[in-house]
**Q** 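Input: one structure, supplied below.
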Amino acid sequence: MTDSCVVATSTMAEALVVEASTEDKDESKQNVTDVNSNVDNSASLGSDMSGNMDIEADEKEGDVQDSEGGHGEDLSILLAFFLVIVEMVGNGVLSFPNSFATLGWIPAHLINVLVAVLTICSGLALHRLRTTRFSSATSYPQLFLGVFGKKGLVFSRCNTYPLLFLMASAFNYTQSSAWSSLFAGSSLSLKEWMVIAGAVSLLVLQARSFKAMAWTSVIAIMTIIIPIFISFVVIGDMVRNPDLYPVGNHVLFSEYSVSTCMVAAMDIVYAYSGIVIFLEIMSSMKYVERFKYVLILSQTSCCLLYALVGSVVYGLAGDANWLQSPYIDSLQPGAAKTVSMVCIIIHAAIGMLLGGNIFTYAAQRAIEPSFKRLIFGKKNAPYKVAPLTAFKPAAMLWWLLWTTILIFFVVLVNVAIPSFQTYLGFISSILVSQTCFIWPGLLDLKVFLKKREGRKQLLSAISVFLIVIGFVSLTLGLWGDITEIVKLSR
């Protein structure tokens, strides 16, 4: 996967970011409208950056149509809100009761609110960069290309796309866990359910456009809200039978080890990992300026929902030994659990759509043109990747091929990492700490620090704080995860 990041050629939009970043720094906005002119400019840029001038130019020319027909679909505020919510409210919310049980009332609530506020600050920093300096940037890699050049592009790709892949893997893990819980008496193992979940995810991934994903996200939101409220009622009934379901302890502050607490804290951070696709959603909106309303509304909604789920379940069950993670798996058998598991299966399958779609399309653009040249020769070059809005048989078959490869590796990762809790924490400490905190702060300081005066310097102070929090999360979170992995392996 990392190799595909390195060999990926710069897209048309990324070339435009380089052009914009090398122009006069005093200009606040730069919009590019002449497509034919841009193709020539990007081809020239490719000639300077690579010895394979014709190949670079051909791929950039082909990517013009990708950027036009790919994800830019004029999303409204409501549809953009749905996309952000479904990307964030999923695996993370299902681990919140466990985080509360590990951290205690006060640390859990404080960390949840802090991460929500910091994520809003990070999102506003990205929005500021996108609207004032890099109007053509539609992803983290393109933003890094504009600010740090080609090395920044490679670095960002090799972190962003693995994170999207691992997020897709987490959704598949959740779905397989729900399948296993739904058919608890079945002879199939969890690993076999992972394969079945992968097949369902593969089918859902064939919905490719952002607008289609936005509407299906409405279903995904409903199918996570329904089991959450069902679980409140069921767990309330379960704890009335203390012989079978004894209530655990309730504490203000954690009594667990520091390493265990760090894993729980990083699980909360993971619940806000949807920031990695903010630029894609932002760039797909009809009015990019309005994304800040989507940002504040979505992060506030997520924070309140997470606090509700953690508080209610922890308040009912405490740190009971029978409470699992994801906590929905802990429900006693019955009609309520069946409905909840079916909803979770639907939610997890749809939840994979956005991250899996962006990752697959990036890999497709990086590999497919070269793959076609290898098979069909150079005579018919340049080979272009069909935009996501194209539904011709050839385009759909190529998409099926790349999504099948994605699901194959997703299932392999699920089988290799059996601990859901450690899985989320490990992803958070290495990658989410960067995309949520370090990168927005770093990019903001790099572009705006020297030009800020007076009260605007407060924005720079916030960026410094984001970077500090990010590095603390990265180091302590990674230490906690490694410690827990060693304990599990004994």
Side-chain angles (χ1 to χ4, degrees), residues 10-35 37-38 41-42 44-45 49 60 63-64 67 70-72 80 118-157 159-160 275-296 434-467 470:
S10 303
T11 62
M12 176 60 191
E14 291 164 353
L16 298 180
V17 173
V18 173
E19 290 185 315
S21 64
T22 56
E23 292 177 358
D24 189 350
K25 300 299 182 180
D26 293 328
E27 294 182 9
S28 62
K29 292 185 178 180
Q30 192 72 350
N31 296 316
V32 182
T33 57
D34 188 350
V35 175
S37 170
N38 292 338
N41 292 337
S42 63
S44 300
L45 179 64
M49 293 173 62
K60 294 180 195 316
D63 281 338
V64 173
S67 61
H71 294 300
L118 292 179
T119 306
I120 291 175
C121 293
S122 296
L124 290 174
L126 294 176
H127 183 259
R128 189 161 52 246
L129 287 161
R130 171 65 171 76
T131 55
T132 63
R133 295 300 301 275
F134 303 101
S135 60
S136 298
T138 60
S139 65
Y140 254 134
Q142 293 174 11
L143 199 55
F144 265 77
L145 178 65
V147 177
F148 296 107
K150 194 172 182 181
K151 290 183 179 179
L153 168 68
V154 173
F155 170 79
S156 180
R157 280 177 170 172
N159 284 272
T160 300
I275 190 173
V276 72
I277 48 85
F278 278 3
L279 283 164
E280 282 86 351
I281 295 177
M282 190 188 309
S283 301
S284 296
M285 292 186 66
K286 186 174 184 179
Y287 303 105
V288 177
E289 184 63 33
R290 296 180 182 177
F291 177 78
K292 57 188 176 183
Y293 305 119
V294 175
L295 172 68
I296 295 173
Q434 295 186 62
T435 57
C436 273
F437 308 129
I438 298 176
W439 288 5
L442 186 63
L443 290 165
D444 180 79
L445 290 177
K446 176 68 174 177
V447 175
F448 297 112
L449 177 61
K450 294 181 180 180
K451 295 188 176 183
R452 282 179 175 148
E453 297 178 353
R455 293 182 178 179
K456 288 187 176 181
Q457 291 179 343
L458 178 61
L459 296 175
S460 298
I462 293 174
S463 294
V464 171
F465 185 65
L466 286 172
I467 294 172

**Q** Kindly compute the distance separating CG (Leu466) from CG (Leu445), expressed to the nearest 0.5 Å.
**A** 9.0 Å

**Q** State which residues pass ring-ring contact (aromatic ring centres under 6.0 Å, His included) with Phe148; sequence neighbours excluded, sorted by chain then number.
**A** Phe144

**Q** Where is the tightest heavy-atom contact between Cys436 and Ile275, given as atom of each residue plus distance?
**A** SG-CG2, 3.3 Å

**Q** Just do the side-chain contact (heavy atoms from CB on, under 4.5 Å) check on Arg130 and Phe291 with the steps written out, would you?
**A** CA-CA 11 Å; Arg130 171 65 171 76; Phe291 177 78; over 6 Å; no

**Q** Give me the atom names and distance for the closest heavy-atom approach of Ser139 to Glu280.
**A** CB-OE2, 3.2 Å

**Q** I'd like to know whether Trp439 forms a side-chain contact (heavy atoms from CB on, under 4.5 Å) with Leu126, so could you lay out the CA-CA distance, the side-chain angles of the two residues, the decisive distance to 0.1 Å, and finally the verdict.
**A** CA-CA 9 Å; Trp439 288 5; Leu126 294 176; over 6 Å; no

**Q** Distance check, rounded to the nearest 0.5 Å: Glu289 atom CD versus Met282 atom CE?
**A** 10.0 Å

**Q** When you compare the side chain of Tyr293 with that of Tyr287, does any pair of heavy atoms fall below 4.5 Å?
**A** no

**Q** Do you know which two heavy atoms are closest between His127 and Val288, and how far apart they sit?
**A** NE2-O, 3.1 Å

**Q** Using a 3.5 Å cut-off and no angle test, enumerate the donor-acceptor pairs between side-chain atoms of residues 453-461 and protein atoms at least two apart in sequence or in another chain.
**A**
{"residue": "Ser460", "atom": "OG", "partner": "Arg452", "partner atom": "NH1", "Å": "3.0"}

**Q** Applying side-chain hydrogen bond (donor to acceptor under 3.5 Å, both in side chains), can you list everything that pairs with Ser463, at least two apart in sequence or on another chain?
**A** Asp444

**Q** Let's go through Leu279 and Gln142 carefully: what are the C-alpha distance in whole Å and the side-chain angles of both, what is the deciding distance for side-chain contact (heavy atoms from CB on, under 4.5 Å) to 0.1 Å, and is it a yes or a no?
**A** CA-CA 10 Å; Leu279 283 164; Gln142 293 174 11; over 6 Å; no

**Q** Strictly distance-based, threshold 3.5 Å: is any side-chain N or O of Tyr140 a donor or acceptor partner for the main-chain N or O of Thr160?
**A** no

**Q** At their closest point, which heavy atom of Ile467 faces which heavy atom of Leu442, and how far apart are they?
**A** CD1-N, 3.7 Å

**Q** Which pair of heavy atoms, one from Leu295 and one from Leu124, lies closest together, and at what distance?
**A** CD2-N, 3.4 Å

**Q** What residues form a salt bridge (Lys or Arg N to Asp or Glu O under 4.0 Å) with Lys446, not counting sequence neighbours?
**A** none

